[in-house]
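What follows is a set of notes on a single structure, which appears directly below.
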Amino acid sequence: MPSFSEQRLPFEAPIYEMELRLGEMETQYAKNRAVGDTSKIGEQIRRLRRELAALKREIYSQLDSWQTVQVSRHQQRPQTRDYLDLVFEQFLELHGDRAIGDDKAIVTGLAHLDDMKVMFIGHQKGKNLAERTACHFGCAHPEGYRKALLKMRFAAKFGLPIISFIDTPGAYPGISAEERGQAAIIAESLMEMSQIRTPIVCVVIGEGGSGGALGIGIGDRLGMLEHTYYSVISPEGCASILWKGSEHAPKAAAALKFTSRDLLRFGITDEIIPEPSGGAHRDHREAASNLKSFLLRNLRELKGVPLDDLVDRRYEKYRKIGAFVESIAAAELLDEPQLNGKAETMV
Amino acid sequence: MAKIGGDSLNSWHGHSELKRVPEGVWMRCDGCSATLFRKQVDQNDKVCPECNHHFPVTAVERINQLLDQDTYEDWFSNLQPADPLQFDDRRPYPERVKAEQERTGLNEAALVGQGFIKGIRIVFGITDSNFIMGSMGSVVGEKLTRAVEAATRQKLPLVIVSGSGGGARMHEGIFSLMQMAKISTALGRYRREGGLFISVLTHPTMGGVAASFASLGDIIVAEPKALVGFAGPRVIEQTVRVQLPQGFQTSEFLLEHGFIDRIVHRRDLRSMIAQLIDYAMP
């Protein structure tokens, strides 16, 4: 049952209304039961529960882009550290970046996933204000990416597969981040992850915010939880540039076509990982369980692939991404004497 | 690989007719506010003779400045942007592209090809900050990736001159973001195979371009006072709510913080690149 400290999204109002009604009925039921009357009300409760489940399914099966953004940012949505408890065992956190400091926006360490030993990398946003401030709301600094790279090198050296959870509004835009080379470290991360000789499985668990997401996002498989987005720019950023005001973010969100369904259609994401009815924030355990089966299945598939093939396939995975038109160049045709006469019409 | 027209840039379709509005005989320097004789600036590689302010140059002008005369051969100019998102802000994306093509005489924001620099054969790429702010969509990503692959196959040095205020292009959404991954992946292979990549940063090089190929050179040089960084200054100001320090995100700032190797005056760029390649050649 929701408490008042929970974040309520506007489009979920009918759900909360029905939950409130159901709660009242259940209270009444308990009272009646105490005096031995269990008749009609029990049947009404069962019916309302069915209606509630249907309502959640209905609302959540047709979220628009902006609603998806809101769900992906939901304050009760499970984060990396929740999944570390629910999906993995014996998480052994490793902090050092050997250069600047410990960036709490990226968590790294060793863990067990069932019978498999893995290296874990993930953004952490934080739950309360103190945590969020410490984590910079999931916006990593260069030291976070450097830490992740070091741990990935360790993983490759000792044959551990890498699991990377993406949940960031973007890499931190700040003075110190620029002084420490935000652009350079993200670039190095892309290049190094593309070459690393161990399987990498990436999952967008919340927000996939541009370069900050991609910086730990190169891998052999990309999964996205159902109600997440992955974008070249935040909807607010896009709106303020193209629509001259961040209040137009819903419009930008629609235009950017960045939900898990869009990205599956574009062939960018490999798989959508289903969320519990009404979103991951309503049932952390079920979300974790779906996530775990996705990870296990993909890691088992990748484990058998020889490392040379793995890196070659990863190359091809990114190589083929792009939407452009390749026309027959006029000049190319002119180079071929037999086509000279047709060149004009074929441009 | 498509070879465009003859050997000379002048016969190469489109680019010879760069549409530039003829401005007056005199111009004002953005750096020192001096009134300058335009022709003198042009003859000085578009650098202010008074204060050394580097004015922007087009991709074609840059090719003429850097490469041996008439040696540039343009590749893949038959690649045209598509509109995978059917993106429409206040103007449909294809219309925007068309207008930019007409305005600049370029097909897209990047040119790639091969040429010679002081007699050394290289693969060359450049982004033109004039075309949708030099931003990187699928065509820019694909052209640069093919250039990197050609350099890998032919074991040639690679020089890319970046000028992109726009970073990854919003109008192509996730496809633009993934071009960062695509080029970096190709550069990873090129590096593994022992290729030499010289990255030249010019004003401005920001966002997804800075956070991918532009930062991956074996050697990275920059023109003086170029704006180079990840997040735009306005975004940073809004986030941290303090005045940004003087000279923040300039070439000099990057040199100071260890992220580039040298700042090179435009007139020295050509010989500097040739010299660097010479050191790396057997």
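Scope of the values below: all heavy atoms of this structure, side chains included, with no hydrogens, waters or symmetry mates. Computed from a prediction, not measured in an experiment: that's the story for all the values here. Chain letters run A, B, ... following the sequence lines, proteins first and then strands; every chain starts at 1.
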- [ ] Below 4.5 Å from any heavy atom of chain B, which atoms of A:Ile268 appear? Answer side chain, backbone, both or neither.
- [x] side chain
- [ ] Can you tell which part of B:Phe213 gets under 4.5 Å to a heavy atom of chain A, answering side chain, backbone, both or neither?
- [x] neither
Task: Step-by-step ring-ring contact (aromatic ring centres under 6.0 Å, His included) determination, A:Tyr229 to A:Phe258 - done: CA-CA 5 Å; A:Tyr229 79 98; A:Phe258 55 31; 4.7 Å; yes
Open item on the list: Under 4.5 Å from any heavy atom of chain B, what part of A:Leu214 do you find: side chain, backbone, both or neither?
Closed with: side chain
Open item on the list: Report which part of B:Val209 has an atom under 4.5 Å of a heavy atom belonging to chain A: side chain, backbone, both, or neither.
Closed with: neither
Open item on the list: Only pairs of heavy atoms separated by less than 4.5 Å count here; which of B:Thr145, B:Val139, B:Val235, B:Asp88 has the most with chain A?
Closed with: B:Thr145
Open item on the list: For the interface with chain B, which of A:Ala213, A:Cys139, A:Gly174 has the highest count of heavy-atom pairs at distances below 4.5 Å?
Closed with: A:Gly174
Open item on the list: With a 4.5 angstrom heavy-atom cut-off, is it the side chain or the backbone of A:Ile185 that approaches chain B, or both, or neither?
Closed with: neither
TODO: Please confirm whether the backbone N or O of B:Phe197 pairs with a side-chain atom of B:Asp218, one donor and one acceptor, at under 3.5 Å?
DONE: yes
- [ ] Evaluate the salt bridge (charged side-chain N to carboxylate O under 4.0 Å, His left out) criterion for residues B:Arg169 and B:Glu100: first the C-alpha distance (whole Å), next the side-chain angles of each, then the deciding distance (0.1 Å), finally the verdict.
- [x] CA-CA 14 Å; B:Arg169 190 179 297 165; B:Glu100 290 288 289; over 6 Å; no
Task: Heavy-atom contact with chain B under 4.5 Å, split by part of A:Ser210 - done: both
TODO: Look at atom CZ of B:Arg90 and say whether more than 12 heavy atoms of other residues, nucleotides or ligands are closer to it than 6.0 Å.
DONE: yes
Task: For chain B, the option from A:Glu178, A:Lys257, A:Glu326 that forms the most heavy-atom pairs under 4.5 Å - done: A:Glu178
Task: Side chain, backbone, both or neither of A:Ile175 within contact of chain B (heavy atoms, under 4.5 Å) - done: both
Open item on the list: Please tell me whether A:Glu188 and A:Tyr145 have a donor and an acceptor in their side chains that are separated by less than 3.5 angstrom.
Closed with: no
TODO: Sort A:Ile233 into side chain, backbone, both or neither according to what part of it lies under 4.5 angstrom from a heavy atom of chain B.
DONE: side chain
Open item on the list: Less than 4.5 Å to any heavy atom of chain A: does that hold for the side chain of B:Glu108, its backbone, both, or neither?
Closed with: neither
Open item on the list: Tell me which of these, A:Lys320, A:Gln195, A:Gln182, has more heavy-atom pairs under 4.5 Å with chain B than the rest.
Closed with: A:Gln195
Task: Residue B:Gln238 excluded, over 12 heavy atoms near CD under 6.0 Å - done: yes
TODO: Please look at B:Arg191 and chain A and tell me whether the side chain, the backbone, both or neither of the residue comes under 4.5 angstrom of a heavy atom of that chain.
DONE: side chain
Open item on the list: Within a 6.0 Å radius of atom CZ on B:Arg234, are there more than 12 heavy atoms belonging to other residues, nucleotides or ligands?
Closed with: no
Open item on the list: Within the structure provided, determine whether A:Met152 and A:Glu192 are in side-chain contact (heavy-atom separation under 4.5 Å).
Closed with: no
TODO: For residues B:Ser184 and A:Tyr318, determine if any side-chain heavy atom of one lies less than 4.5 Å from a side-chain heavy atom of the other.
DONE: no
- [ ] Quick one: which of B:Ala181, B:Gly141, B:Pro245 has the most heavy-atom pairs under 4.5 Å with chain A, could you say?
- [x] B:Ala181
Open item on the list: Quick check against the 3.5 Å criterion: does A:His123 have a side-chain atom that pairs as donor or acceptor with the backbone of A:Gly212?
Closed with: yes
TODO: Considering only heavy atoms and a distance below 4.5 Å, find which of A:Ala323, A:Gly215, A:Gly237 pairs most often with chain B.
DONE: A:Ala323
Open item on the list: I need the residue from B:Leu85, B:Val240, B:Ile220, B:Thr239 with the largest number of non-hydrogen atom pairs under 4.5 Å to chain A.
Closed with: B:Leu85
TODO: Give the member of A:Val311, A:Ile241, A:Leu242 that has the highest number of heavy-atom pairs under 4.5 Å with chain B.
DONE: A:Leu242
Task: Residues B:Glu172 and B:Ser138: side-chain donor-acceptor under 3.5 angstrom - done: yes
Open item on the list: Within a 6.0 Å radius of atom CZ on A:Arg265, are there more than 12 heavy atoms belonging to other residues, nucleotides or ligands?
Closed with: yes
Task: N/O donor-acceptor pair under 3.5 Å between A:Glu143 side chain and A:Gly101 backbone - done: no
TODO: Could you tell me which of B:Ala231, B:Ser215, B:Ala211 has the largest number of non-hydrogen atom pairs under 4.5 Å with chain A?
DONE: B:Ala211
- [ ] Please determine, among B:Met178, B:Gln179, B:His171, the option with the most heavy-atom pairs under 4.5 Å with chain A.
- [x] B:Met178
TODO: Name the option with the most non-hydrogen atom pairs under 4.5 Å to chain A; the candidates are B:Pro233, B:Gly229, B:Ala186, B:Gly207.
DONE: B:Ala186
TODO: Check each atom of B:Asp89 against the heavy atoms of chain A and say whether the ones under 4.5 Å are side chain, backbone, both or neither.
DONE: both
